[in-house]
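Scroll down for the structure; my scribbles are underneath it.
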Amino acid sequence: MVAEVREEMKERRVVVLRDILQKGSLSNVLESVFGSDVSVEREELGFMVKEGFDLIAKFNLDDYFPLRFLDFNGVKRRCCKLAGKVNSVVGQIVKERKGAGDSRSGSDSFLSALLSLPEEDQLKESDMVALLWEMIFRGTDTVALLLEWIMARMVVHPEIQAKAQEELDTCIGSHREVQDSDIPNLPYLRAVVKEVLRLHPPGPLLSWARLAIHDVHVDKTFIPAGTTVMVNMWAITHDPSIWRDPWVFNPDRFIEEDVLIMGSDLRLAPFGAGRRVCPGKALGLATVHLWLARLLHEYRWLPAKPVDLSECLRLSLEMKRPLECHVVQRRSKVTQ
Ligand code: HEM
């Protein structure tokens with residue numbers, strides 16, 4: 001990641017982080033899902049994730065007129081094609097690993113963990129494929145676009161960027177790379193991540209399209225059976241009755257009060273809460289902390305052109321226009 005930024009700066013004189021982050025995030029999630037020693041169709045899986053996002057973001061008349069024989073804009077056809085590809089590409093990896101008798105103890109991947117379950121708990125192959133694909137699909141984009149928002153905020157607020165870098169220099173110095181074990185000693189950096197999750201939650205609408213199966217009261221609101229309900233986390237995190245100066249980017253608010261973000265405090269639940277909470281939240285957060293720390297430790301980030309903080313909602317809340325930066329090397333001794 002750090003080396004790719006350097007290359008891009010050298011070759012193009014400008015760093016467009018989005019592609020670098022997407023590629024890095026896909027590799028990272030594939031490694032967690034299939035393990036580091038497995039060669040997978042990286043490029044093909046990348047296209048499949050992209051196709052899935054395109055399809056989800058598409059306005060689809062079928063959602064309003066669900067007639068089996070109609071296929072407005074060819075969405076159904078594309079969905080079927082993608083489902084077929086998922087079954088063949090991911091299914092093939094599962095088959096190969098099963099065939100090779102992969103039930104290693106001390107497994108280093110999600111798939112190995114599934115395959116090493118006792119006989120009576122084993123999932124059907126089709127369920128395994130669905131589960132693994134869901135992890136790949138949901139885990140790639142969220143991490144990449146959260147980091148793009150964070151870096152945009154770092155560029156827009158150079159004084160906050162400098163404060164995070166000062167913390168890194170004090171804690172780590174300049175002669176080694178940041179490690180996972182350093183993260184607990186970087187409270188300001190973690191506060192920066194929380195503040196971006198508050199202002200730009202990648203999943204702003206929780207519980208996409210959950211259906212009330214019986215009449216229910218939520219506080220004073222009556223929700224009749226059959227209603228589709230979503231939780232607008234974006235509205236909660238911008239609500240002035242909950243947050244002081246909600247539009248101000250101020251990581252210090254989380255130094256003053258340590259708000260938990262894993263789902264127990266509904267003022268800020270960027271990973272959801274309850275039984276459908278994000279299962280990748282710990283992995284996602286650990287990745288974002290480490291990559292952010294390395295990017296800030298290594299470089300000073302400057303705008304290549306004015307940063308546009310406009311939002312665009314697809315499955316996740318993205319920056320409408322990609323961030324373009326210049327970087328200046330900070331550490332004199334570079335270690336990889
Ligand atoms: C910083 C990164 C991430 C953010 C902000 C995030 C956020 C979310 C949110 C808001 C939901 C919906 C929760 C709800 O509807 O109540 C969700 C669901 C999900 N996430 Fe994440 N996520 C992140 C990273 C990941 C990663 C790395 C993975 C997998 C490796 C992952 C896998 C999933 C899956 C499979 C679901 C669906 C769970 C279900 O429907 O039961 N996420 N995530």
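For reference, positions follow the sequence shown, starting with 1. As the structure is a computational prediction, the values presented were derived from the model and not from experiment. Indexing begins at 1, ligand by ligand and atom by atom, following the structure's order.
- No more than 12 heavy atoms of other residues, nucleotides or ligands shown are found within 6.0 angstrom of NZ on Lys23.
- Annotation: Lys281 places no N or O atom under 3.5 Å from an N or O atom of ligand 1; distance criterion only.
- Each of Arg331, Lys163, Arg330, Arg300 was scored for a salt bridge (charged side-chain N to carboxylate O under 4.0 Å, His left out) with Asp169, with one residue passing: Arg330.
- Near Glu134, meaning under 4.0 Å from any of its heavy atoms, are these atoms of ligand 1: 35 (C), 37 (C).
- One finds a salt bridge joining Asp258 and Lys194 here, because a Lys/Arg side-chain nitrogen approaches an Asp/Glu carboxylate oxygen to under 4.0 Å.
- Residue Pro270 approaches ligand 1 through these ligand atoms, each under 4.0 Å from one of its heavy atoms: 5 (C), 7 (C), 10 (C).
- Per-residue contacts place Leu146 under 4.0 angstrom from the following atoms of ligand 1 (heavy atoms of the residue considered): 1 (C).
- Residue-ligand proximity, Gly272 to ligand 1, at heavy-atom distances under 4.0 Å covers atoms 16 (O).
- Near Met135, meaning under 4.0 Å from one of its heavy atoms, ligand 1 places the atoms 29 (C), 30 (C).
- Glu8 and Arg13 are not joined by a salt bridge, as no carboxylate oxygen comes within less than 4.0 angstrom of a charged side-chain nitrogen.
- Comparing Ser32, Gly284, Cys278, Ala282 against atom 25 (C) of ligand 1, the shortest heavy-atom distance belongs to Cys278.
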Stepwise, does the side-chain contact (heavy atoms from CB on, under 4.5 Å) test hold for Met48 with Trp133? CA-CA 10 Å; Met48 286 156 59; Trp133 169 249; 3.7 Å; yes

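- Counting only residues at least two apart or in different chains, salt bridge (charged side-chain N to carboxylate O under 4.0 Å, His left out) contacts with residues 139-161 comprise Arg18-Glu148.
- Of the heavy atoms in Val29, only side-chain atoms (C-beta onward) come closer than 4.0 Å to ligand 1.
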